[in-house]
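For ligands, and for the atoms within them, numbers begin at 1 and follow the listed sequence. Side chains included, hydrogens not; waters and symmetry mates left out as well; all remaining heavy atoms used.
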Amino acid sequence: MDELDPIVVVGGGHAGVQVCAGLAALGQGARVHLVCEETWLPYQRPPLSKSFLKNGQEPLQEHRAKSWFDESGITVHRADAAVAIARARRRLLLHSGQELPYGRLVLATGTRARQLPHLHADLDNVAVLRNADDAQRLRMLLAASAHVTVLGGGFIGLEVAATARALGKAVTVLESAPRLLMRSVSPELAQHVLDTHRAAGIEVRLGVAVGHFETEGARLIGLAADGVRQEVDLLVLGIGAVPEHQLASDAGLECENGIVVDEHMRTSDPAILAVGDCTSFPEPTSGRRLRLESVQNANDQARAAVATLTGAQQPYRALPWFWSEQGSLRLQMAGLMPADGIRLRRPGASEASFSLLHYAGGRLTCVESVNAPLDHMAARKLLEAGSNPDPEMACDPSKPLKSFL
Ligand SMILES: Cc1cc2nc3c(=O)[nH]c(=O)nc-3n(C[C@H](O)[C@H](O)[C@H](O)COP(=O)(O)OP(=O)(O)OC[C@H]3O[C@@H](n4cnc5c(N)ncnc54)[C@H](O)[C@@H]3O)c2cc1C
C-alpha cells in the first residue's frame, strides 16, 4: 500500500459508485472503502419519481450486486454516515465510532431536499423525495390519498405530479414562479410542459404565494394559496435540493453553493476530492462556477476523479445533458441554455415530438428535445464535436440532425 492508500469514498450515489467502478476497472478495487449512510446497497435514483413510485412491486435498481463489490475487493460500510474529517491525521470518523485512515478521500455526498422553514418536517402527510426511504414512504402515502398537492414546478415535483396523475389521483401543482421549470428550460418548452400536464388533468397554478400551514395533530390539513384556504390530503415538497457539504465545511474545506473543486475535482485540500451534485466546479468555456444535479454530471465527474486518483490527469470537460420523464413527455436537454440568442423549432414525427435549437453568437449551444430521442443523441454528438449546422437547414425535419456531423 502506498501513501495514497486507501481511497475512501463518502456517499454511495451515482458519483461515488462510478468512482468505485472506475478504480475497479483498473484493478484497484482493493484500495477502496465506500461509506454509505443509507442501509441499501447503492441504487439508481431517477426511477424513484417514475417507475418505482408508480409500481408498488418494483424493486430498487442496484448499481452493482453485492457480489460485484466483494469480487472487486471494495469494502462497503452501510448504514454508517461519515460525521467528521480529521484532515491533519487523514482520518474519517464514522457515526459508529469507527475511524478510517485515508490516503485520498473522495466526497460524493449529493444533495438533500430543501425544506420549508415554517413547516414541520415530520408531519404524517408531508413528503419529500430524495432517497429510497422517501420513495417507499411516498408510495404508501399516495396509496392512501385521493388528492396530492405538489409544491414546486421543477423536475422532481412535475415527475411526481405526473406519476400521481397516472395512478388516478387528483393533482394540484403550486409554483411560485411565473412559469414551470424556471431555472432549467426555455419558456417555449415550459409552456409545452404546462399545456401537456393541464391536458392530462393536472391543475397547475403559477405565480402562487403559499403560506399559513394549518395542522391538526401530526397532519397538515390546510394551506393558503394566494390567501385562499386549500384543503390538504397529501403535500409533496418539490422545492429543490441543497448541496450536502456540511462534512466538508466543518472540516474547513472551501464551500460556496457546494464543495469548491477545480477541473480535476480537487478541493482546497489536495488529499480530498469531491464529485457529483455536491460540487461547485468551473464551467470549462466561461470558467464561471456551476453546480449541476444530473446523472451525467455525477458519472463524468467521477471519471475525472479516477483519472486524478490514478495520475492520468483528465480535466472535467464533459457536455452537460439531462433527461426527465413526466407522463407522456420525455424531455432531453443537451448543452447549457444561453442567456440570450435565438431559438428555432425543429419539428418531429408528430405534434408531440420536436426539438428546440438554441443558437448564441451564431453557434449552436443547446438542444431541448421532446419525445425526440434520435435528435437528442445527434445533438449531443454535434455539440461535443463543436459542429455548427446552418439554423434553417437544421430545422428541416427531412434531414436527420446526425447528417450535420
Ligand atoms: C427522485 C429523483 C429523480 C431524479 N431523476 C433524474 C433524471 O431523470 N435524470 C437525471 O439526470 N437526474 C435525475 N436525478 C438527479 C440524480 O439522481 C442526481 O444528480 C445523482 O443521483 C447525483 O449523484 P451523486 O452521487 O452526486 O449524489 P446522490 O445520488 O444523491 O448520492 C449521494 C449519497 O451520499 C450519501 N451521503 C450523504 N452524506 C453522507 C455522509 N456524511 N456519509 C455517508 N453517506 C452520505 C447520501 O445518503 C446518498 O446516498 C433525480 C434525483 C432524484 C432524487
Ligand 1 atoms in contact with Gly11 (distance to a heavy atom under 4.0 Å): 33 (C), 34 (O), 35 (C), 44 (N)

Atom 28 (P) of ligand 1 - nearest protein heavy atom and its distance: Arg45 NE, 3.6 Å

More than 12 heavy atoms from other groups under 6.0 Å of CD on Glu231: no

For atom 21 (O) of ligand 1, the protein heavy atom that lies nearest, with its residue and separation: His14 CD2, 3.2 Å

Shortest protein heavy-atom distance from atom 25 (O) of ligand 1, along with the residue and atom involved: Ala15 N, 2.8 Å

Protein heavy atom at shortest distance from atom 16 (C) of ligand 1: Val295 CG2, 4.0 Å

Partners meeting side-chain contact (heavy atoms from CB on, under 4.5 Å) with Arg87 (sequence neighbours left out): Ile85, Tyr102, Ala251, Leu253, Asp269, Ile272

Note, His33 side chain near His77 side chain (heavy atom, < 4.5 Å): yes

Carboxylate-amine/guanidinium proximity below 4.0 Å for Glu37 and Arg130: no

Protein residue, atom and distance nearest to atom 1 (C) of ligand 1, heavy-atom basis: Ser49 OG, 3.6 Å

Proximal atoms of ligand 1 relative to Ala81 (non-hydrogen, under 4.0 Å): 42 (N), 43 (C)

Gly276 neighbourhood, listing ligand 1 atoms whose heavy-atom distance to it stays under 4.0 Å: 26 (O)

Backbone or side-chain N or O of Leu48 under 3.5 Å from ligand 1 N or O: no

Non-hydrogen side-chain atoms of Arg289 and Glu256 separated by less than 4.5 Å: no

Per-atom contacts, ligand 1 versus Ile156 - under 4.0 Å to a heavy atom: 1 (C), 2 (C), 51 (C), 52 (C), 53 (C)

Proximal candidate to atom 45 (C) of ligand 1 [heavy atom criterion; set Glu37, Gln332, Met333]: Glu37

Close N or O approach (Ser324, ligand 1; < 3.5 Å): no

Numbered atoms and elements of ligand 1 in range of Ser294, under 4.0 angstrom, heavy atoms: 11 (O), 12 (N), 19 (O)

Minimum-distance protein heavy atom relative to atom 42 (N) of ligand 1: Ala82 N, 2.9 Å

For Ala108, the ligand 1 atoms whose distance to one of its heavy atoms is below 4.0 Å: 32 (C), 33 (C), 34 (O)

Close N or O approach (Gln296, ligand 1; < 3.5 Å): no

Basic-acidic side-chain contact under 4.0 Å: Arg303, Asp300: yes

Taking atom 22 (C) of ligand 1 as the reference point, the nearest protein heavy atom with its distance: Asp277 OD1, 3.1 Å

Arg363 (side chain) donor-acceptor with Gly386 (main chain) under 3.5 angstrom: yes

Geometric N/O contact Lys50 with ligand 1, under 3.5 angstrom: yes

Candidate pair His376 and Ser355, rule side-chain hydrogen bond (donor to acceptor under 3.5 Å, both in side chains), full reasoning: CA-CA 8 Å; His376 170 71; Ser355 292; over 6 Å; no

Listed partners of Arg183 passing side-chain contact (heavy atoms from CB on, under 4.5 Å), at least two apart: none

Identity and separation of the nearest protein heavy atom to atom 4 (C) of ligand 1: Pro46 CA, 3.6 Å

Identity of the nearest option to atom 39 (C) of ligand 1, non-hydrogen atoms only, from Thr109, Val275, Val19, Ile85: Thr109

Proximal atoms of ligand 1 relative to Glu293 (non-hydrogen, under 4.0 Å): 19 (O)

Those atoms of ligand 1 less than 4.0 Å from some heavy atom in Phe322: 9 (N), 10 (C), 11 (O), 12 (N)

